[in-house]
Structures are given as structure tokens and as C-alpha cells.
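None of these values were measured; they are calculated from a predicted model. First the proteins, then the strands, lettered A, B, ... as listed; each starts at 1.
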Protein chains: 2
Amino acid sequence: MKTSSQAASSQEISSQEPIAHPSNAKREQILQGAMQVFLEQGYANTSMDRVAAAAGVSKQTIYSHFQDKEGLFTALIQRVTIERIQPELRADVLQGEPEVVLRRLANVYFDQLTSAEYLALIRVVIAESNRFPELAQLYTRTVIQRGRQILSDFFRSHPELEIADPEATAHIFFGSLVSFLISQEILYGKQIMPLAPEQLIDTLVPMVLNRGSHY
Amino acid sequence: MKTSSQAASSQEISSQEPIAHPSNAKREQILQGAMQVFLEQGYANTSMDRVAAAAGVSKQTIYSHFQDKEGLFTALIQRVTIERIQPELRADVLQGEPEVVLRRLANVYFDQLTSAEYLALIRVVIAESNRFPELAQLYTRTVIQRGRQILSDFFRSHPELEIADPEATAHIFFGSLVSFLISQEILYGKQIMPLAPEQLIDTLVPMVLNRGSHY
DNA sequence: GTCTATACCTAGATAGAC
DNA sequence: GTCTATCTAGGTATAGAC
């Protein structure tokens, strides 16, 4: 294990395949196993032996497809981040009455993110943001920035809402949802201080639309 | 390293001193060193050798004061969480006009949490929420729940604000601040999509007070 | 009570058979 | 191209000197 805290800086973020390989089936199989272990256990607590066992291949096969542990982890997080961003936050979801659109957006967001896989991704990206800053930046650009951009564009296209700062308002909207999931699902708030998603949505949407919270 | 993902379940959360000891100076010294390394590197990536070096003591001295690595980490996070909760979120901060109070609260919150130490605590608590669920629960009760309670009490004591759901509103307020810090400071949003704290506060406070976002 | 030295183990990564 | 077997470094934890 390297002592440097920025050990992954040399990993290329754009190189999808560090080693040329004809068979992609094994590669998928490895990534599938790696996903289970890395997202559950985190980077440092995951051993290549466990990844090999979960994927049903030998260690050497992994090292044949990926340069090292860092390369495997980087490829995995890139894949999950890119794949997960496709279904959510398409601009065509934002068509119609603002109130309807925001409620739909919040519900879609909850459905997508409450999955154990997505929660684990958020947790791991935050956890490894020091060691793998380029992965955190990828997540920020691919998920956070894009979501904020789409929503603030929607606000700008509805001047009757009189939203003075679309970016800040979009941040509040998504930030409330994300912090809800972190506190409720990751930090066990669901057991300690439960709050229903409907409560949050029913309060948040009118607030953003400047209609007061008395719904 | 244990293979169980719930290895820390046996750690007692209330036992402040696992081993009776006369000299507390060394114990403080150890915790100071442990804070530097654990908060920076995370649990699994921290070695006891590095803690010993950072604290300026030998490994055996650490094992004389703490049962094992888990015990040291648990004691550290407990200490930081308890100590950090004292200066912030005292109920007497919430005296005066709602607008003034909320702005003061947001500013205090930013000042406290933007410190590298506090950001690192949040990151580690989230990162290790699987392995140390009792520490995540401690953080939730001590920080999140208490903050929400104090603010929702404040909302309830001001019925003229017509806040229908004080708990949900308090979550939105703090959740927007927390997610701001996570995205800006931890996930490098500051470099990618900068957003000034004043922007957020100027949008959030009128929104919560039902005054629209045109300030 | 604190340090030096060490036992024991698991980690990442590689060599060589097939 | 994939497996079994193995090497070496670094990890946690402990024994014994002072």
C-alpha cells in the first residue's frame, strides 16, 4: 500500500481500456464482482482475493484485464457513474407545469437514488474523494453539475416564477433531496428521526415555487 | 483485518475509557495524532505505525491506552463529535427576528463546518457508516437530530411564519447547507461549478420565510 | 508506563503450468 | 487467456527489556 495520499493522480480518467483485450465478457464479469465488493466495503477494505471470488475468476485474470487495484477501481466507478447518469435527469422530463415537473423530478430522483447501489456509489465517492480526486470530479461534473444545469435552465425558461438566482435555487432543490437520502438512508436517520419523502416534497416544491409552505 | 463488515458491533459506545489509566496526557497526545491520520486517511488506510509516528509515541503505548484499532477509532470519533457539537447549535443563538436569526445560523454553521477538521469528520462518518454504524448513529443523534430539533422548535414559536411542517423545513435549511459543503468542498465543486455561500444564503433564507426569492 | 524487537498474518502483485 | 502457487511488503498485535 502506498503511503502517498494522492497515489491515484497518475490514473488516466479517459482511458477506458488500459490493456487491449479481445474478450469483453470476462471484463464485464470482473466489473460485476468488483462492484459488489468495492461499493459495499470501500476501496482500502477490499482485497483482490474477494473481488476474484465475487467475480468467479482468478486474481491473475483480473490483473490481465486491469493494470492494478487502482485501475480496476477507477474503471468501476467511471462505469457506474456514466451508466447511472443516463436514465436520470434527462431534460425532457422537465416539460409541463412547474409544480408537476418538480414533483415528478423529485419522485424520479428518489426512485433512482434510494437503490442500494446508488447510495453505495455516493458513499464510496465521498469516502475516496481524497485518494481519488479525479473520480469525485467526474461525479461532480457528470451528476451534480448536469442536474443543476438542467434545472436552472428550466427555471430561466419560466420567468413568471420570479426566481432571482436559478443556480442557487437548483442547488437547494437537489441538495435537500441528497441530504435527505444521506441522513435517512446512510446515517440511519430513518430509525432515529424518521421523515417521509412526501413530507419533504410537499414542503420543498411550494417553497421553491414561492407559494409558501401552506399547501 | 476482519472479514466481517459489522466488526465493530461489539464496541461499547458509552465506555469512555476501555482501560483504566492514571495519566491522561499521553491519551490526549495519542488522540491528537490519531485525529490527524484517521480523519485524513480514513479507517482502513490508517496504520497504527502512522498514528504512533504522528502522536510521537510508540505503538505499544497506544495499545496500553486503547484496546485495539477499532477502540481507538471509536474513541476518537466520539470525542470529535461530542466536542464539536458544543460551540455550534446552541439554542440561545435563535433569539430575535427570524430573518436575522436564520442568517446568523447559516453563517455560524458555515464558519464551523468549513474547517478542514469538520469536513474530514463528515467524510469519515459517511465513509465508515457501514463498518461503524453506531458512530454514524451517534453523529445523527448528536448533530443532525439536535440541530433539526432546535430549529423546528424555533419555527413553532413563530406561528406568524405559517410554516406547515417545521421538521421538513428545518431539514431543508440544514440539508441545503450540508449538501453545499459536500459538493463544494469535498467533491471539488468549488473548482468546477463555484457557488458563493452568500448566494445560497440570500436565496435560502427568504425561501424558508415564505417571502419569495426576490430579495 | 514506555520503548524496541518480533510473531503472525494478509495484502497486492507475479511466475510458470496448461 | 486462465488457473494454481508463491513472493514480498506492510499490517495488527504482543513479548520482554528498562
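Atom CD1 of A/I62 is separated from atom P of D/dG1 by 17 Å (rounded to the nearest Å). C/dA5 atom P lies 14 Å from atom CG of B/D49, rounded to whole Å. Nucleotide D/dG11 holds its P atom 11 Å from the OH atom of B/Y63, rounded to whole Å. Distance CD (B/Q41) to P (D/dG10): 15 Å, rounded to an integer number of Å. Note: CG (A/N45) to P (C/dG12) measures 10 Å, nearest angstrom. Atoms CG (B/D68) and P (D/dT14) sit 8 Å apart, rounded to a whole Å. Here D/dG1 presents its P atom at 13 Å from CD1 of A/I30, a figure rounded to the nearest Å. If you take CZ of A/R27 and P of D/dT2, they are 13 Å apart, rounded to a whole angstrom.
Among pairs with a residue in residues 169-193 of chain B, those fulfilling salt bridge (Lys or Arg N to Asp or Glu O under 4.0 Å) read B/E185-B/K190, at least two apart in sequence or across chains.
Regarding contacts with the backbone of D/dC3, a side-chain N or O of A/S58 is found under 4.0 angstrom from either OP1 or OP2. Applying the 4.0 Å criterion to OP1 and OP2 of C/dT2, one finds that B/H65 has a side-chain N or O inside that range. Taking 4.0 angstrom as the limit, A/T61 places a side-chain polar atom (N or O) nearer than this to OP1 or OP2 of D/dC3.
Cation-pi geometry between A/K69 and A/Y43 is met: under 6.0 angstrom from the ring centre, within 45 degrees of the axis.
Here B/E167 pairs with B/R156 in a salt bridge; the nearest charged N to carboxylate O distance falls below 4.0 Å. Using a 4.0 Å cut-off between charged side-chain N and carboxylate O, B/R79 and B/E28 make a salt bridge.
Distance from the side chain of B/K69 is smallest for D/dT12 among the nucleotides C/dG16, D/dT12, C/dA11. Checked against C/dA11, D/dG16, D/dT4, the side chain of A/Q60 finds its nearest nucleotide in D/dT4.
With sequence neighbours excluded, no residue satisfies ring pair (Phe, Tyr, Trp, His ring centres under 6.0 Å) with B/F155.
Residue whose closest nucleotide on DNA chain C sits further toward the 5' end, between B/G56 and B/K59: B/G56.
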